[in-house]
Amino acid sequence: MMIVMKEGATEAQIAEVVERVESVGARAHVSRGEFVTVIGAVGSHDDEVAGLGLEDHPAVDRVVPILRPYKLASAQFRHGEPTVVEVEGRRIGGDHFAVIAGPCTVESRETMLEAARAMRDAGAHLLRGGAYKPRTSPYSFQGLGEAGLALLREAKEETGLPIVTEVMDVRDVERVVEVADVVQLGARNMQNYNLLTEVGRAGKPVLLKRGLAATLDELLMAAEYVLKEGNPNVILCERGIRTFESSYRFTLDIMAVPVLKELTHLPVIVDPSHAAGRRSLVEPLSLAAAAAGADGLIVEVHPNPDAAVCDGPQQLRAETFAEYLKRVEQAAELAGKVIQAGV
Ligand code: PEP
Ligand code: MN
């Protein structure tokens, strides 16, 4: 159930409605938009909330049911106003387009720092790099773990780029959020509900990747787990899904971008690298994503992809990144985005 307050409703009136919603066992989530405040009553208490007669409250404009299975993630919940996630001054969502770039994994101090400097110089907005890696084979490199986190911290100190890095296990959430400015939840963990809840509680912005075979409704329900913990900063990421096509790794579902924009207020970015699996496809997919209205990209870039520990064939060469970024930003501008400066 969603309670739309009148323009000019006071804090005391908002608090009063929140209290009444909670008095029947529902949880109230307050979303303050530019003009109106919306109170989402979540939980399975729709009948009780409807029975409160809140439409008669002098500061309530109307009470409407949210028809989708996800409530806080639905576009309706913010009255069509997009959520803009702000990370140390970089914005993702609304009119803002941001590019997260860096190597697949943190391999060594030298490579990480070299990559970070190259990303900063080229104008990337945030830096990616995995310290904990979800690998298909248990015999593949699994990431440097805590040592990798320390290197990410150093890369941020030197370049000023905020860090995006993945957490795979609830036992690591605390140490990852100490370093991460955005916590990534990987495709394989999209439906790890305990992890979603813990990351939601940790309070840092979350980058939630779509599962390999997840529908958009399932992605939004996963986002709801994070939102429900009172963390409004969720960025969704389309990264390719499994289809019958076998000439490339995954099928990048470009349609997910405009469709998600109809369904949710959350920012939507695209990962062309893991979808493609090979470098030559990364730029065309990036241009398509930007032109389709994505709020940003997360892309793998490496100073020497031929020697990369993982995902070498798909990582862009760092020396080509500045030119790539220029072209991608032109496509984003075509879709009406404002381009922000890097650091
Ligand atoms: C990644 O971004 O490092 C990654 C492993 O991606 P995904 O979870 O989408 O496979
Ligand atoms: Mn990778």
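Just the heavy atoms: all of them, side chains too, but no hydrogens, waters or symmetry mates, feed the values below. Whatever order the structure lists ligands and atoms in, that order sets their numbers, starting from 1.
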Q. Out of the N/O/S atoms in Asp311, what is the name of the one closest to the Mn ion (ligand 2)?
A. OD2
Q) What atom name does the N, O or S atom of Glu300 nearest to the Mn ion (ligand 2) carry? A) OE2
How close does the nearest protein non-hydrogen atom get to [atom], and which residue and atom is it?
{"atom": "atom 9 (O) of ligand 1", "value": "Arg239 NE, 2.6 Å"}
{"atom": "atom 8 (O) of ligand 1", "value": "Ala187 N, 2.8 Å"}
{"atom": "atom 6 (O) of ligand 1", "value": "Lys209 NZ, 2.9 Å"}
{"atom": "atom 5 (C) of ligand 1", "value": "Pro134 CG, 3.8 Å"}

Please list, in number order, the atoms of ligand 1 under 4.0 Å from a heavy atom of [X].
{"X": "Arg128", "answer": "1 (C), 2 (O), 3 (O)"}
{"X": "Lys133", "answer": "3 (O)"}
{"X": "Gly186", "answer": "8 (O)"}
{"X": "Arg188", "answer": "7 (P), 8 (O), 10 (O)"}

**Q.** Atom pair NE2/CD of His96 and Glu86 - distance to nearest 0.5 Å
**A.** 8.0 Å
Q | Given Gln13, Glu16, Lys6, the one that forms side-chain hydrogen bond (donor to acceptor under 3.5 Å, both in side chains) with His57 | A | Glu16
Q.
Quick check: closest heavy atoms across Ala202 and Val177, and the distance to 0.1 Å?
A. CB-CG1, 3.7 Å
Q | Best match, Met168, Glu300, His274: closest heavy atom to atom 1 (C) of ligand 1 | A | His274
Q) Does ligand 1 have an atom under 4.0 Å from some heavy atom of Arg210? A) no
Q) Can you say whether the rings of Tyr225 and Tyr193 are parallel (under 30°), tilted (30 to 60°) or perpendicular (over 60°)? A) parallel
Q) In terms of heavy-atom contacts, does CD of Glu19 have more than 12 from other residues, nucleotides or ligands at under 6.0 Å? A) no
Q) Checking Arg317 side chain against Asn304 main chain: does a donor-acceptor pair fall under 3.5 Å? A) no
Q. Near the Mn ion (ligand 2), is there an N/O/S atom from Cys104 that is less than 2.8 Å away?
A. yes
Q. Given Asp295, which of Arg90, Arg91, Lys337 fulfils the salt bridge (Lys or Arg N to Asp or Glu O under 4.0 Å) condition?
A. Lys337
Q.
Is there a side-chain contact (heavy atoms from CB on, under 4.5 Å) between Val259 and Asp253? Walk through the geometry before answering.
A. CA-CA 10 Å; Val259 171; Asp253 181 11; over 6 Å; no
(Q) Does either side chain, that of Asp311 or that of His274, offer a donor lying less than 3.5 Å from an acceptor on the other one? (A) yes
Q: Answer yes or no: does an N/O atom from Glu166 fall short of 3.5 Å to an N/O atom of ligand 1?
A: no
